[in-house]
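This report refers to the structure that appears directly beneath it.
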2 protein chains.
Amino acid sequence: MTLLRDEGLTIEELTVWRMLQRAHVHIARHLESELLVAHDLPLASYDVLTQLAEAPARRLRMNDLAGRVLLSRSGLTRLIDRLQRDGLVAREACADDARGLFAVLTDTGAARLAEATPTYLRGIRAKFLDLLGPGEIGLVRDMLAKLPISAVH
Amino acid sequence: MTLLRDEGLTIEELTVWRMLQRAHVHIARHLESELLVAHDLPLASYDVLTQLAEAPARRLRMNDLAGRVLLSRSGLTRLIDRLQRDGLVAREACADDARGLFAVLTDTGAARLAEATPTYLRGIRAKFLDLLGPGEIGLVRDMLAKLPISAVH
DNA sequence: CTTAGAACGTTGCACAGACATCTAAACAGC
DNA sequence: GCTGTTTAGATGTCTGTGCAACGTTCTAAG
């Protein structure tokens, strides 16, 4: 605890970080298991499908996508492998850059996403939003907006 | 997006969750890599050492510890294996319950923790606390306090 | 045109983590 | 005491991820 003083942190500050950690892990695990049992869809896969669904023409370059879902390039390669195997995503060559590849959301993928989304949203509601007081959501947003939400280094 | 309406979530609410996700992952990765390069200590290990350091007599039952560091029992077993191999933690039998085991922080472990803590705290300061306005930390704490910080199910 | 360098994505490797299963010990109930 | 149930931890196995290295393609400098 002496160390805290050395770095000028209060115990409260440290606790806030720990709570943030625990809260996120807790919510993420809940979402993961709900999605898994109900739709056989890991959270990471859900995130990928969502990003693709929101992207123009339902497609995104691998590199681009990797940044958005907080995954390393290699991690994304394997994940897309699995999603492609399951027919939820397809790989398509990039016309103007032969190195590039698009990950494209298939119709099957879109359907699966639509099917899983209620579960996902209910989970967020139950484990996160409903527990906050009115107006606090805006507060949290403002707070989080100041944090580094940059891409993976 | 139509699905959002169906579940009564606004886009803002969904965004808040995503930002929380990104913020946590981003900070955690930063801490992890800093601890790794400077002290060869993964974040999970650091958390274990911290919990033990704060526990009475520097010891905690495996099961108890698993809950605090958000790790499965098997995950903790392996992690303690590694920490024991490195001499940072020792296993000790439990007097009044022959099934039980204590994980005990060794002096080496305590030293290593003390050595790594400045790095850890500096990271939290740089990637989290310093980015918030004054008074916001209390706000966040109150908010997070309402979230489910329960043990692993 | 040629060549050095950077960027995109994939692959080999090692490691961490979860789930299910297992053993040993404690705790019921009778 | 004896048996059935529960709990504490450890282990086998499988999945997922990151890092470093690689092949390929694009781009810039000479």
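Numbered from 1 within each chain, the chains take letters A, B, ... in sequence-line order. Model, not experiment: these values are computed from the prediction. Quick note: numbers below take in every heavy atom, side chains included, and nothing from hydrogens, waters or symmetry partners.
When only modelled atom types and interatomic distance are considered, B:Y46 and B:T117 share a side-chain donor-acceptor pair under 3.5 Å.
Side chain of B:R112 to main chain of B:H39: a donor-acceptor pair is present (N/O by atom type, distance under 3.5 Å, no hydrogens or angles).
Salt-bridge check for A:E54 with A:R59: failed, with every basic side-chain N at 4.0 Å or more from each acidic carboxylate O. Salt-bridge check for B:R125 with A:E13: passed, with a basic side-chain N closer than 4.0 Å to an acidic carboxylate O.
In this entry the distance linking CZ of A:R73 with P of C:dA7 reads 9 Å, nearest Å. In this structure, B:L60 atom CG and D:dA8 atom P are separated by 13 Å, rounded to whole Å. Straight-line distance from the CG atom of A:N63 to the C1' atom of D:dC26: 14 Å, rounded to whole Å. B:D97 places its CG atom 11 Å from the C1' atom of D:dG9, with the value rounded to the nearest Å. As a whole-Å value, the separation of B:F102 CZ from D:dA8 C1' is 12 Å.
One can find a donor-acceptor pair under 3.5 Å joining the base of D:dC19 and the side-chain atoms of A:S74. A:R99 contributes a side-chain N or O that forms a donor-acceptor pair with the base of C:dA7 under 3.5 Å.
Expressed to the nearest 0.5 Å, how far CZ of A:R58 lies from CG of A:D107 amounts to 5.0 Å.
For DNA chain C, the residues of residues 75-88 of chain A within the heavy-atom distance limit of 4.0 Å (strictly under) are A:T77, A:R78, sorted by number.
Of the candidate nucleotides C:dG9, D:dA10, D:dG18, D:dA10 has the atom nearest to the side chain of B:R91.
Counting all heavy atoms, side chain and backbone alike, B:A28 lies closest to B:L43 at O-CD2, 3.8 Å.
Taking side-chain N and O atoms only, A:R61 has a distance below 4.0 Å to OP1 or OP2 of C:dG9.
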